[in-house]
Amino acid sequence: MAVRELTSAPSLATLYPKALLRRGGGSTLPSTELVRPEVVVDPAHVAAYNEVCGFRFSDELPATYPHMLVFGLQMALMTEPGFPFPLLGLVHVENQITQHRPLLLGETFRVSVRAENLRPHEKGSQFDMISEAHSGGDLVWSEVSTYLRRTGAGSGSGPRTQLTPPKPSALWHVPGDIGRRYAEVSGDRNPIHLHPLTARLFGFPKAIAHGMWTKAHALASFEGRLPDAFSVAVRFKQPVLLPGRAAFTTWQTDDGWAFELWHARKPKPHLDGVVSAL
């Protein structure tokens, strides 16, 4: 795999217009790893992220925060000419983050992104974006983001099961501007998150919350109970329409926690996940 080093973060302002125009091409994932060799986080940016997502401010980074450091590299890789799918229209279906030890303000990280494991899915094709952060030569954080490119309807022939939401542990009041607020700190300005009018262009009745915001907000509820080394994996299901209310449920497992997020009034699942100690 060819390694290409970038001396600065990719310009998201440049990449989004590029994403809007490109249609994809090729049949294989690029054999390129994008790397930023020296990344130091900005404490003010971490504070803004914590406020939007619900974390307390401390010297330790939330486990979801390094996604901010790799998102631009992911965008850059997925908008390269040989990437097989257009970025807009990809569905983020799963995300797993592994923290090998607490990450601290003031550390210098080497972050990298590559695409792997292109495979068929009943509704199209899936692939993984693999992101890593190293410090002092050690792997301290990694992320696997699984994306679906829909090219067919899938089987969907079986009878629908009536879903029964669990008893909620908390009720989320999700404000209508959370998409714009998260976009401001993350740089993820996909139009489906910003305004009802732009969301309708892509088939949504309203703007929807970022999946990574729902994951971060869920993880924030476990602050003070997490081990130093753990993984947190989620499956994204139906989007959270903005503004909205959602029912959040948690319960303990043998090695950590499980959680689910549902629509507050309908049997409509938004997300499920597990936190597991390493």
Side-chain angles (χ1 to χ4, degrees), residues 39-71 92 94-111 129-136 138-146 166-174 178 181-182 185-186 209-237 240 246-262 269-278:
V39 178
V40 179
V41 301
D42 177 4
H45 186 258
V46 177
Y49 176 86
N50 288 352
E51 182 178 359
V52 169
C53 297
F55 293 101
R56 298 189 298 267
F57 186 73
S58 75
D59 291 338
E60 293 185 7
L61 303 178
T64 50
Y65 179 81
H67 180 77
M68 303 294 97
L69 307 180
V70 300
F71 177 69
H92 193 182
E94 296 182 20
N95 180 274
Q96 178 169 342
I97 286 172
T98 301
Q99 174 180 291
H100 295 278
R101 64 154 174 82
L103 280 64
L104 305 175
L105 285 173
E107 286 193 80
T108 299
F109 301 103
R110 177 189 186 273
V111 298
M129 295 294 292
I130 312 296
S131 305
E132 296 177 343
H134 288 74
S135 180
D138 296 325
L139 177 66
V140 293
W141 179 93
S142 61
E143 176 188 69
V144 180
S145 292
T146 301
K167 184 178 179 180
S169 308
L171 186 65
W172 290 9
H173 295 269
V174 187
I178 199 64
R181 291 170 57 202
Y182 185 80
V185 298
S186 68
H210 294 74
M212 289 304 294
W213 176 84
T214 61
K215 178 173 183 173
H217 197 52
L219 190 64
S221 70
F222 295 103
E223 279 194 306
R225 296 178 285 174
L226 296 171
D228 286 345
F230 66 93
S231 68
V232 52
V234 300
R235 294 182 299 174
F236 300 114
K237 298 185 175 182
V240 178
F248 185 63
T249 302
T250 68
W251 63 95
Q252 284 189 283
T253 64
D254 290 341
D255 63 348
W257 300 85
F259 56 93
E260 295 181 354
L261 187 68
W262 292 72
H270 296 307
L271 169 151
D272 64 37
V274 291
V275 179
S276 305
L278 297 184

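As the structure is a computational prediction, the values presented were derived from the model and not from experiment.
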Please confirm whether His45 and Tyr65 have ring centers closer than 6.0 angstrom. yes

Is the distance between the ring centroids of Trp172 and His217 under 6.0 Å? yes

Using modelled atom types only, decide if a donor and an acceptor are shared between the side chain of [X] and the backbone of [Y] within a distance under 3.5 Å.
| X | Y | result |
| --- | --- | --- |
| Lys215 | Thr64 | no |
| Ser131 | Ser142 | no |
| Asp138 | Val140 | no |

With side chains defined as the heavy atoms from C-beta onward, is the minimum distance between [X] and [Y] less than 4.5 Å?
| X | Y | result |
| --- | --- | --- |
| Leu103 | Trp141 | yes |
| Val144 | Met129 | no |
| Tyr182 | Cys53 | yes |
| Glu260 | Pro166 | yes |
| Trp262 | Pro168 | no |
| Thr98 | Leu278 | yes |
| Glu107 | Val40 | no |
| Leu226 | Val275 | yes |

Distance check, rounded to the nearest 0.5 Å: [X] atom [atom1] versus [Y] atom [atom2]?
| X | Y | atom1 | atom2 | answer |
| --- | --- | --- | --- | --- |
| Trp257 | Phe222 | CH2 | CZ | 6.5 Å |
| Thr146 | Gln96 | OG1 | CD | 9.0 Å |
| Ser231 | His100 | OG | NE2 | 9.5 Å |
| Leu271 | Glu94 | CG | CD | 11.0 Å |

Residues in salt bridge (charged side-chain N to carboxylate O under 4.0 Å, His left out) contact with Glu132, at least two apart in sequence or another chain: Arg114

Identified side-chain contact (heavy atoms from CB on, under 4.5 Å) counterpart of Phe236 within the set Asp272, Leu261, Thr214: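 The residue from Asp272, Leu261, Thr214 that satisfies side-chain contact (heavy atoms from CB on, under 4.5 Å) with Phe236 turns out to be Thr214.
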
Count the heavy atoms of every other residue, nucleotide or ligand shown that sit under 6.0 Å from [atom1] of [X], and state whether that count exceeds 12.
| X | atom1 | value |
| --- | --- | --- |
| Arg235 | CZ | no |
| Asp59 | CG | no |
| Glu51 | CD | no |

Show the numbers, then the answer: is there a side-chain contact (heavy atoms from CB on, under 4.5 Å) between Val46 and Leu105? CA-CA 9 Å; Val46 177; Leu105 285 173; 3.9 Å; yes

Where [X] and [Y] come nearest, the two heavy atoms and their spacing:
| X | Y | result |
| --- | --- | --- |
| Phe259 | Thr250 | CB-CG2, 4.0 Å |
| Phe248 | Ala218 | CE1-CB, 3.7 Å |
| Arg56 | Gly224 | NH2-N, 4.0 Å |
| Glu143 | Val70 | OE1-CG2, 4.0 Å |
| Pro227 | Gln99 | O-NE2, 4.4 Å |
| Met68 | Val185 | SD-O, 3.9 Å |

Test side-chain contact (heavy atoms from CB on, under 4.5 Å) on Val41 and Leu61 and set out the steps. CA-CA 9 Å; Val41 301; Leu61 303 178; 4.2 Å; yes

Under a plain distance cut-off of 3.5 Å, with no hydrogens placed, do Ser186 and Tyr49 share a side-chain donor-acceptor pair? no

Verdict with supporting geometry, Thr249 and Lys167, side-chain contact (heavy atoms from CB on, under 4.5 Å): CA-CA 7 Å; Thr249 302; Lys167 184 178 179 180; 6.0 Å; no

Which is it for Phe55 and Glu223 under the side-chain contact (heavy atoms from CB on, under 4.5 Å) test, yes or no, and what are the steps along the way? CA-CA 8 Å; Phe55 293 101; Glu223 279 194 306; 3.6 Å; yes

